[in-house]
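Report on the following structure.
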Amino acid sequence: MKKIQISPSILSADFSQLGNEIKRLENAGADMIHVDVMDGHFVPNLTIGPPVIEALKKNSSIPFDVHLMISPVHKYIESYAKAGADIITIHPEATDNLEKSINKIKQLKKKVGISLNPETKIEVINKFLDKLNLILIMSVNPGFGGQKFMPQVLEKVEKLDRIKKDRRLNFDIEIDGGIDFENSKLAIKSGVNILVSGTTIFKNNNGDIKKNIDLLRSV
Ligand code: DX5
Ligand code: ZN
């Protein structure tokens, strides 16, 4: 059983204090930082790009789990790798050659993740599972923090976990969107080992992010 890791989403952080917010998360025991990159095209929202990631990475010592909600994504992969992304997660719908994009991320010596929207089936990535370090199961439609968790995606997590065990693969299963102190337990039981959370970590218990991270991690 893999150790449960917490990857706080900075989408819910105070964007005027992002450097300090990342330090706070590190000191509060975050295992990595979930950076939601949005381009206003793949999703109807726009956040940050490589220059901001590069500046933030300089002051951080934990991995950057970069979730690219951008399309077309292939031509931008290198700039996120150079900016300091440690894990680069892309959506299959955002590239016209998924294998080429996966190989590009691996060539850049970064961990490669694929993110499946609630409607996207595992079959889309079946033949690449042995190349992946991480599969990110979206439990909301991507674009915004603070949305309602979609419990139907847990079936997809269970199916993915069965495939992983049957084929003796070792990828991480990460879930992202509407995660709270109750559904996090269901997600872990279904096979998730990395929890992404923005709202629950930053907004609960008067913003006590260490308490919220510890609560999420406690199974
Ligand atoms: C949505 C993002 C999620 C989101 C999670 O597109 O990918 O990471 O920020 O935020 P909460 O935990 O607030 O749902
Ligand atoms: Zn995300």
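Because the structure is predicted, anything quoted here is derived from the model rather than measured. Start at 1 and go down the list; that is how both ligands and their atoms are numbered. Note that the numbering runs from 1 along the sequence shown for the chain.
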Answer with yes or no whether the hydrophobic clustering places F15 together with V66; edges join I, L, V, M, F, W, Y residues whose side-chain heavy atoms lie under 4.5 Å apart. yes
What protein heavy atom sits nearest atom 12 (O) of ligand 1, and how far away is it? G198 N, 2.7 Å
Here the atoms of ligand 1 under 4.0 Å from any heavy atom belonging to H34 are 8 (O)
Is K23 reaching over with its side chain to a backbone N or O of G19, donor-acceptor style, under 3.5 angstrom? no
If I consider every N, O or S atom in D36, which one ends up closest to the Zn ion (ligand 2)? I only need its name. OD1
Ranked by distance from atom 14 (O) of ligand 1, the top protein heavy atom is G178 N, 2.8 Å
What class does the angle between the rings of F42 and H91 fall in, given that below 30° is parallel, 30 to 60° is tilted and above 60° is perpendicular? tilted
Would you indicate whether the side-chain heavy atoms of V140 and K148 approach each other to under 4.5 Å? no
Report yes if G143 has an N/O atom closer than 3.5 Å to an N/O atom of ligand 1; otherwise report no. yes
Counting both backbone and side chain atoms, is some N or O of G146 under 3.5 Å from an N or O of ligand 1? yes
The atom name of the N, O or S atom in D176 nearest to the Zn ion (ligand 2) is OD2
Counting non-hydrogen protein atoms only, what is the nearest one to atom 13 (O) of ligand 1? Give residue, atom name and distance. T199 OG1, 2.4 Å
Can you tell whether the side chains of E54 and K82 come within less than 4.0 Å, N to carboxylate O? no
Side chains of H34 and D176: donor-acceptor distance under 3.5 Å anywhere? yes
Carboxylate-amine/guanidinium contact K57 D86, below 4.0 Å: yes
Take every heavy atom of D176, measure it against each atom of ligand 1, and state whether any distance is under 4.0 Å. yes
Short N/O distance, under 3.5 Å, between S9 and ligand 1? yes
